[in-house]
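Encoded as C-alpha cells, the structure appears first; notes follow it.
In listed order, ligands and their atoms are each counted from 1.
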Amino acid sequence: MQSKPVLAVIGGTGKEGKGLAYRWLKAGYPVIIGSRSLERAQQAAQELKARVGDAADVRGLTNPEAAAQAEIVVVSVPYAGHKAILESIRDAVQGKLVVDVTVPLQPPKVTRAYFPPAGSAALEAQEILGPEVAVVDAFQNIPHTAFWQDPPPTMDVLVAGKGKANRERVLQLVADAGFRGVDAGPLANTPVVEGLTSVLLYINKRYGTHAGIRIVGLEADEHA
Ligand SMILES: NC(=O)c1ccc[n+]([C@@H]2O[C@H](COP(=O)([O-])OP(=O)(O)OC[C@H]3O[C@@H](n4cnc5c(N)ncnc54)[C@H](OP(=O)(O)O)[C@@H]3O)[C@@H](O)[C@H]2O)c1
C-alpha cells in the first residue's frame, strides 16, 4: 500500500485548520501544524494528539518549516494575512500542491461576497507562488464545527484549481476527511467557490444555522 503524503496545515492553530488536521489525523495522515509561533504550533499538535490518540503522527513547526517538510501544503489563514503567509512559504512550496482554504472575507461585512483584484484568493495565491506550484481551492464552504462531528455532516466540498490530476489528489484528501468532494473545475472557477462562503454566512445569520452545500444530480449520491 502506498504511504500517505505528509500534510502541512499552515494556520493549523486556528478553527478551520485544526479541524481539518483532526480529520486527516484520524484518517492516518502524518500532519504538521504550522504557525507563526513554534510554541503555538506545538501546543496545537499536543492538543490534537490528546484528542486523536497516541497513534496520531502530528507535530508543530513554524509555517516555513512545516511547508518545507510536507508534500502537500494546506493554507488556512484569515485573508488579512494571506499574502504575507504565502510569501513566507513561497520557497518551501515550489513544485508542490497547495490546497487553499482561504476566503477573501472583509470583516465585519463577511456576509457580502468580496472579490480581490485577481478574482479570488486562490488566483492571487497562484500569482504569488508562481507557475511551479499548483493551487487548488477546497473546504471554503465547510463550517469549522463540521470537522468535529463523527461522522461529519453530509456536505459537499467543491474542489477547483490548477490541473485535473491535482484536483484528483485533493478529492482524495476530501474523501479521507469524511466529505464528498466534487470536481468544480479550473482556477477560473475559484471566485464562485470562495464567494459562496459569504452567501452561506448570510444564510447562517438569517436562519441561525451552520449551512453547507449539497450538489444534486450526481450519480454517486451517497455520503463519501
Ligand atoms: N472558520 C470557519 O468556519 C471557516 C469556514 C470556511 C473557510 N474558512 C476560511 O479558512 C481560513 C481560516 O479560518 P479560521 O476561522 O480558522 O481563522 P482563524 O482561526 O482566525 O485563524 C487561523 C490561524 O491563522 C493565523 N493567523 C491569524 N491572523 C493572521 C494574520 N493576520 N496573518 C497571518 N496569520 C494569521 C493564526 O495562526 P498563528 O497565530 O498560530 O500563526 C490562526 O490560528 C479563513 O480564510 C476563513 O475564511 C473558515
Euclidean distance, Thr190 OG1 relative to Gln140 CD, rounded to 0.5 Å: 8.5 Å
With rounding to the nearest 0.5 Å, note down the distance linking CG in Leu25 to CD1 in Ile33.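 Rounded to the nearest 0.5 Å, the CG-CD1 separation comes to 7.0 Å.
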Quick one: does [X]'s side chain get under 4.5 Å of [Y]'s, heavy atoms only?
X: Arg180; Y: Leu218; answer: yes
X: Lys49; Y: Asp54; answer: yes
X: Val75; Y: Ile89; answer: yes
X: Leu158; Y: Asp137; answer: no
X: Arg51; Y: Trp148; answer: yes
X: Ser198; Y: Tyr114; answer: no
X: Tyr79; Y: Pro116; answer: yes
X: Arg36; Y: Asn63; answer: yes

Of the listed options Glu16, Lys18, Lys15, closest to atom 8 (N) of ligand 1 (non-hydrogen atoms):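 Considering heavy atoms of Glu16, Lys18, Lys15, the nearest to atom 8 (N) of ligand 1 sits in Glu16.
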Which is closest to atom 31 (N) of ligand 1 in terms of heavy atoms, Gly14, Gly81, Gly34, Gly11?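 The nearest heavy atom belongs to Gly81.
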Atoms of ligand 1, numbered as shown, that sit under 4.0 Å from any heavy atom of [X]:
X: Ser35; result: 38 (P), 40 (O), 41 (O)
X: Phe139; result: 6 (C)
X: Thr102; result: 45 (O)
X: Pro143; result: 3 (O)
X: Val101; result: 7 (C), 9 (C), 10 (O)

Which residue supplies the protein heavy atom nearest to [atom], what is that atom called, and how far is it?
atom: atom 12 (C) of ligand 1; answer: Ser76 OG, 3.5 Å
atom: atom 45 (O) of ligand 1; answer: Val77 O, 2.7 Å
atom: atom 6 (C) of ligand 1; answer: Gln140 O, 3.1 Å
atom: atom 1 (N) of ligand 1; answer: His144 CD2, 3.5 Å
atom: atom 46 (C) of ligand 1; answer: Val103 N, 4.3 Å

Lys26 bridged to Asp176 by N-O distance under 4.0 Å: no
Could you tell me whether ligand 1 has any atom less than 4.0 Å away from a heavy atom of Ile142?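 Right, Ile142 reaches ligand 1.
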If we only consider heavy atoms of Pro78, is any one of them less than 4.0 Å away from an atom in ligand 1? yes
Proximity to ligand 1 by part of Thr13, non-hydrogen separation under 4.0 Å: both
Answer with side chain, backbone, both or neither: which part of Arg36 has a heavy atom less than 4.0 angstrom from an atom of ligand 1? both
Under 3.5 Å, N or O to N or O, is Arg40 touching ligand 1 that way? yes
